Amino acid sequence: MCGIVGYVGFRNADEVAISALRRLEYRGYDSWGVAIAKDGEIVVKKNVGAIGDIKDFSLGGGKIGLGHTRWATHGKPSEINAHPHLDCKGRIAVVHNGIISNFRSLRERLENEGHTFRSETDTEVIPHLIESWVERGEDFADAVMKTAEELQGSYAFVAMKADDARLVAVRYKSPLVLGVGDGEFFLASDIPAMLEYTNRVVYLDDGESVIVSKDGYRILKNGVEVEKGIEIVPWSIEDAEKGGYEHFMLKEIHENPRVVEDTLLEYLGEDIEIDSRIFAGISDILFVACGTSFHACLIGKYLIEELAGIPVRVEYASEFNYSNPPLSRTLVVGITQSGETADTLEAMRKAKKLGMRVLAITNVLGSTATRLADHVIYTRAGPEIGVAATKTFIAQLTVLYLIAAKISNLPPKEIEELLNELRSIPQKIRQILDMEDEISSISETFAGYENMMYVGRGIGYPIALEGALKLKEISYIHAEGYPAGELKHGPFALLGEKTPVVACIVRDKTYDSMLGNIKEIKARESPVIAVANEEDDEIEKFVDYTIRVPSTNPILTPLTYSVALQLFAYYVARLRGCEIDKPRNLAKSVTVE
Ligand code: AGP
């Protein structure tokens with residue numbers, strides 16, 4: 001996720017910007033840049049890679065400036081695509097976090113009007129739009145406001161003009177905080193950026209803009225000045241990097257609603273904006289992946305077979321490399337949040353060699369998977385720091401729903417209903433996050449066990465697999481995911497009072513059979529936690545604990561149940577004192593076979 005900073009005051013803005021950017025490094029980035037205004041000129045420095053150890057960073061020390069850490073979303077990581085971006089004459093500089101969803105049409109219009117673009121980014125339309133308003137005689141701040149009115153999507157951006165002593169920033173659906181010092185002011189996407197200088201902040205809300213000079217600031221909404229109180233941040237810098245959360249994993253679980261929103265924003269306009277040529281003429285689909293991404297594939301299989309009637313196979317990437325798949329018009333889909341998992345890359349290479357069309361679904365722009373594949377669909381989760389995949393899994397699922405809906409052969413009305421329900425998922429996930437205390441208190445009962453079983457049927461089965469993986473990797477409890485119908489073919493031997501079972505019970509055609517399985521499990525004295533639909537009044541009679549999740553179309557339950565299970569795993573691991581963000585023996589990106 002990009003990090004933005006702005007400074008105006010009495011210090012050297014280049015030094016403030018670089019130190020603020022260092023404080024945002026934890027957000028993850030692939031390139032960075034700083035711009036200052038001095039003597040009526042803008043001076044810019046951009047770089048690919050980490051800020052690293054640069055000593056004595058200096059652009060000449062102007063007192064107003066911007067900085068940016070970029071997590072590439074539109075255009076590969078490169079110096080040209082790094083922010084700040086400038087207008088044609090290099091007089092206006094902008095840093096931005098978010099997605100401008102209408103940038104293509106804006107860019108086309110601006111190019112027709114004679115603007116020359118240098119980068120592949122969505123952001124670059126912003127300085128050009130500001131420039132076009134300034135050229136029509138608008139004051140700089142008014143030009144920024146008018147520009148914001150033309151943008152669709154999500155954004156927090158800060159603009160600076162070479163001969164203007166003000167920074168102007170606007171927020172809409174991306175975070176932006178104003179830091180208030182004595183004779184100096186800071187703008188940033190996150191508090192740690194400014195905490196070294198001030199702990200007095202004003203949180204901007206959607207639709208608000210702020211005009212800041214060294215003498216003060218004005219906050220506006222719809223052109224009208226608004227009064228906002230200054231708040232005191234009680235965090236240390238370390239706390240603040242995690243946004244006040246104890247662990248990155250918890251922070252990332254809390255980002256799930258936004259991740260679904262951003263992914264929908266990117267691909268779901270009036271239509272599903274995924275290139276239909278990816279799927280043209282295919283006979284079947286083969287998913288290859290590892291770990292959590294493999295579980296996303298299993299859910300993808302269910303969705304695509306259910307909604308589109310296209311046959312789907314799912315293989316562990318590491319096993320696909322030993323198989324001899326029949327050649328056909330198969331679309332091979334590699335899902336990998338990092339885009340660097342060695343086994344998945346190898347499977348994609350093999351598929352290419354066999355002449356199959358390859359699609360990568362990944363969270364990392366410019367990663368190896370994107371270079372191997374014929375087509376790429378990006379998830380919009382932002383960087384994930386915790387080793388356990390949480391928000392990237394939810395983003396992968398969101399993309400899979402959109403793909404299944406895109407290639408569906410169901411009546412358009414049914415698909416429209418499903419998409420509308422998908423749009424309501426962020427709010428439902430927020431309701432689950434509000435149940436955090438309840439889930440944490442259930443986890444207290446289970447933190448002392450050494451074995452657990454997760455079961456489900458139909459779409460509940462991959463939910464169970466992923467729930468078990470989350471628990472085992474961060475809490476070190478041995479956890480198995482099983483199809484509930486398979487219990488009696490072996491795992492029953494393991495059940496008993498020392499082996500609790502998490503039952504993922506979905507209100508669909510599997511419901512009655514699952515209820516039967518739960519009774520069988522209870523008969524063997526295993527404590528049972530059900531993850532169930534909130535309207536399910538029956539389930540509580542048969543289980544020991546219930547995590548009630550807001551109702552949705554059963555096919556969408558992976559998006560809600562999985563978040564509840566992420567929280568459950570998190571709280572169990574926390575009680576066991578585990579190193580949650582960096583579990584033993586595991587790496588975030590597994591680049592060896
Ligand atoms: C998930 O929590 C894991 N840490 C791991 O299973 C991961 O999903 C797997 O290594 C695949 O990674 P990828 O999505 O980056 O390819």
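Everything numeric here is computed off the predicted structure, so don't read it as measured data. Remember, it's 1-based here, ligands and their atoms both numbered in the order they're listed.
Relative to the six-membered ring of Tyr511, Arg507 meets both conditions, a distance below 6.0 Å and an angle of at most 45° to the axis.
In terms of protein heavy-atom proximity, atom 6 (O) of ligand 1 is closest to Gly291 CA, 3.2 Å. In this structure, the protein non-hydrogen atom closest to atom 13 (P) of ligand 1 is Thr341 OG1, 3.2 Å. In terms of protein heavy-atom proximity, atom 10 (O) of ligand 1 is nearest to Val590 CG2, 3.9 Å. The nearest heavy-atom contact from the protein to atom 9 (C) of ligand 1 is Cys290 O, 3.8 Å. Nearest protein heavy-atom contact of atom 15 (O) of ligand 1 is Ser338 OG, 2.6 Å.
Screening Val506, Ile299, Leu303 against Ile555 for a side-chain contact (heavy atoms from CB on, under 4.5 Å) leaves a single residue, Leu303. No option in Tyr316, Phe287, Phe393 other than Tyr316 meets the ring pair (Phe, Tyr, Trp, His ring centres under 6.0 Å) test with Phe294.
Geometrically, ligand 1 and Ala389 share a nitrogen or oxygen pair separated by less than 3.5 Å. For the pair Val387 and ligand 1, the shortest N or O to N or O distance falls below 3.5 Å. Taking distance alone, with nitrogen or oxygen atoms compared against 3.5 Å, Gln396 stays at or beyond that limit from ligand 1.
Each of the atoms 8 (O), 13 (P), 14 (O) of ligand 1 lies under 4.0 Å from some heavy atom of Ser293. Here is the list of ligand 1 atoms found below 4.0 Å of a heavy atom in Lys470: 1 (C), 2 (O). Taking every heavy atom of Ala388 and a limit of under 4.0 angstrom, the matching atoms of ligand 1 come to 2 (O). Set against the non-hydrogen atoms of Thr292, the atoms of ligand 1 under 4.0 Å away are 1 (C), 2 (O), 6 (O), 8 (O).
Comment: Lys251 engages Glu255 in a salt bridge, judged by a side-chain N to carboxylate O separation of less than 4.0 angstrom.
Proximity of Glu246 to Arg574: side-chain heavy atoms (C-beta onward) are separated by under 4.5 Å at one or more points.
Annotation: Phe446 is in aromatic contact with Tyr545 [ring centroid separation under 6.0 Å]. Close placement of the His254 and Tyr245 rings is indicated, their centers lying within 6.0 Å of each other.
Without hydrogens or angle criteria, Asn81 side chain to Glu120 main chain gives a donor-acceptor distance under 3.5 Å.
Counting heavy atoms under 4.0 Å from ligand 1, residue Glu473 touches it through the side chain alone.
The environment of NZ in Lys352 is crowded: more than 12 heavy-atom neighbours from other residues, nucleotides or ligands sit within 6.0 Å.
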